[in-house]
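The analysis underlying the following values was restricted to heavy atoms, covering all of them including side chains, and did not include hydrogens, waters or symmetry mates. The chain is numbered in sequence order, starting from 1.
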Amino acid sequence: MFSKLFHGCREDSSKSSSDKLKQTLEMLEKKEIILQKKISVEVERAKEFTRARNKQVCKYKHMYQLYSAAAMQCLKRKKFYEGKMEQLCSSQSHIRDQEQKLPQKPSVHCRQVQQMTTNLKENLEA
């Protein structure tokens, strides 16, 4: 009975675990690039709103407040993306540590690797 449950894990070698870690690391690097692009877009939008606000100071006071609020929202989103970026960086360093430990421990249980990648994906999607 137990051999049927754990049969799949015995076939997984440290090589396949390493491959899974590398795939997860590549996915995290792609997400990091996307977040960097989003951060730069938000910074540019905030600058545009600030420039527009400065042009509208004399003419329309209500537009001045709208542009200020829009610029603040851009900066808040930027800060949110930076927080996500920090999470990605810590996840990447954790995976790199696991990759370094993998050759030292050839009998790494595949369930641990699967659970770690699942947890990382759930954290990143949330």
Taking every heavy atom of Leu35 against every heavy atom of Lys84, the minimum-distance pair comes out as CD1-CB, 3.7 Å

To the nearest 0.5 angstrom, please state how far the NZ atom of Lys20 sits from the CG atom of Leu25. 16.0 Å

Atom CZ in Phe49, atom CD in Gln73: separation rounded to 0.5 Å? 10.0 Å

Let me check something: do Leu66 and Met72 share a hydrophobic cluster, defined by ILVMFWY side-chain heavy atoms less than 4.5 Å apart, either directly or through other members? no

Please say yes or no: joined through hydrophobic side-chain contacts below 4.5 Å, possibly via intermediate residues, are Leu28 and Phe80 part of one cluster? yes

Between CZ of Arg96 and OG of Ser91, what distance do you get to the nearest 0.5 Å? 11.0 Å

Look at atom NZ of Lys31 and say whether more than 12 heavy atoms of other residues, nucleotides or ligands are closer to it than 6.0 Å. yes

The single option from Gln87, Glu29, Glu32 passing side chain to side chain donor-acceptor pair (under 3.5 Å) against Gln92: Glu32

Restricting to non-hydrogen atoms, name the atom on Cys74 and the atom on Ala46 that form the minimum distance, rounded to 0.1 Å. CB-CB, 3.8 Å

What's the spacing between Lys37 NZ and Tyr81 OH if we round to 0.5 Å? 14.0 Å

I need the Met85 CE to Gln36 CD distance, nearest 0.5 Å. 4.0 Å

Under the side-chain contact (heavy atoms from CB on, under 4.5 Å) criterion, do Glu42 and Lys38 qualify, and how do the steps go? CA-CA 6 Å; Glu42 293 301 330; Lys38 286 183 177 183; 5.5 Å; no

Got a salt bridge between Lys78 and Glu82, using NZ or NE/NH1/NH2 to carboxylate O under 4.0 Å? yes

If I take atom CG from residue Leu88 and atom CD1 from residue Ile33, how far apart are they, to the nearest 0.5 angstrom? 11.0 Å

Test log, rule side-chain contact (heavy atoms from CB on, under 4.5 Å), inputs Ser18 and Lys22: CA-CA 6 Å; Ser18 177; Lys22 286 179 184 177; 3.7 Å; yes

